[in-house]
Amino acid sequence: QVQFMESGGGLVQPGGSLRLSCAAPGFTLDYYAISWFRQAPGKEREGVSCIGHSDSSTYYADSVKGRFTISRDNAKNTVYLQMNSLKPEDTAVYYCAANLMRSICPGTPQSYEYAYWGPGTQVTVSS
């Protein structure tokens with residue numbers, strides 16, 4: 001059974017940085033579009049960033065554009081989300097998942113197209 005695992009979350013001050021990792025032992029991430037989602041308390045899950053098959057395309061939500069960078073390391077079979085200039089509104093549980101319907105990132109990631117959700121990693125931005 002495929003199990004994605006997110007890591008790298010934590011508590012950081014506003015303006016700080018974190019790098020999230022998404023690993024999936026036994027599942028080749030490069031074959032799929034992989035997205036990061038986040039869910040804050042009381043809010044719906046939102047698509048934050050996407051990277052397409054073989055890095056063919058990327059997507060960023062307007063709220064993170066210019067601050068977050070998504071990337072892959074195929075040798076490590078890992079997708080990363082580098083988060084800089086963090087703001088309190090970035091506080092959420094962050095999840096990664098694979099798009100089983102598309103291999104590219106045409107726009108805002110839609111949860112229903114994704115599978116193999118991990119347990120998430122908590123990111124808290126607070127002074």
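Here the structure is a predicted model, which means the values were calculated and not measured.
Applying the side chain to side chain donor-acceptor pair (under 3.5 Å) test to Thr124 and every residue at least two apart in sequence or in another chain returns Gln122. For Phe27, the ring-ring contact (aromatic ring centres under 6.0 Å, His included) criterion is met by Phe4, Tyr32, Tyr116, not counting sequence neighbours. Remark: Pro119 pairs with Gln3, Met5, Glu6 by the side-chain contact (heavy atoms from CB on, under 4.5 Å) rule, at least two apart or across chains. Looking at residues two or more places apart in sequence or on another chain, you find a side-chain contact (heavy atoms from CB on, under 4.5 Å) between Val12 and Leu18, Leu86, Val125. Residues that satisfy the salt bridge (charged side-chain N to carboxylate O under 4.0 Å, His left out) test with Lys43, not counting sequence neighbours, are absent from this structure. In terms of the side-chain contact (heavy atoms from CB on, under 4.5 Å) criterion, residue partners of Ser49 (sequence neighbours excluded) are, by chain and number, Tyr60, Ile70, Leu81. With sequence neighbours excluded, no residue forms a side chain to side chain donor-acceptor pair (under 3.5 Å) with Arg19. In this structure, the side-chain contact (heavy atoms from CB on, under 4.5 Å) partners of Thr78, at least two apart in sequence or on a different chain, are Ser21, Ala23, Lys76, Tyr80.
Counting only residues at least two apart or on different chains, the salt bridge (Lys or Arg N to Asp or Glu O under 4.0 Å) pairs with a member in residues 96-112 are Arg102-Glu113. Among residue pairs with one or both ends in residues 23-33, those qualifying as salt bridge (Lys or Arg N to Asp or Glu O under 4.0 Å) are Asp30-Arg72; sequence neighbours excluded.
In this structure, Tyr59 and Ile51 have side chains that are not in contact, with every pair of non-hydrogen atoms separated by 4.5 Å or more. You'll find the side chain of Arg38 reaches within 4.5 Å of the side chain of Ser63, heavy atoms only. In this structure the side chain of Phe68 never reaches within 4.5 angstrom of the side chain of Asn84, judged on heavy atoms.
With values rounded to the nearest 0.5 angstrom, Ser85 atom OG is found 9.5 Å from Asp90 atom CG. In this structure, CD1 in Ile34 is found 9.0 Å from SG in Cys105, a value given to the nearest 0.5 Å. Note that the CD1 atom of Ile104 and the OG atom of Ser56 stand 6.5 Å from one another [nearest 0.5 Å]. Between atom CE of residue Met83 and atom OG of residue Ser17 there is a gap of 8.5 Å, rounded to the nearest 0.5 Å.
In this structure, Glu44 places its CD atom where only 12 or fewer heavy-atom neighbours from other residues, nucleotides or ligands lie under 6.0 Å away.
Side-chain contacts under 4.5 Å among hydrophobic residues (ILVMFWY), followed directly or transitively, place Tyr114 together with Phe37, Val93, Tyr95, Trp117. Tyr112 shares a hydrophobic cluster with no other residue; no ILVMFWY side chain has heavy atoms under 4.5 Å from its own.
Leu20 approaches Gly9 most closely through the heavy-atom pair CD2-N, 3.6 Å.
Formation of a donor-acceptor pair under 3.5 Å by the Asn77 side chain with backbone atoms of Leu29 is found in this model.
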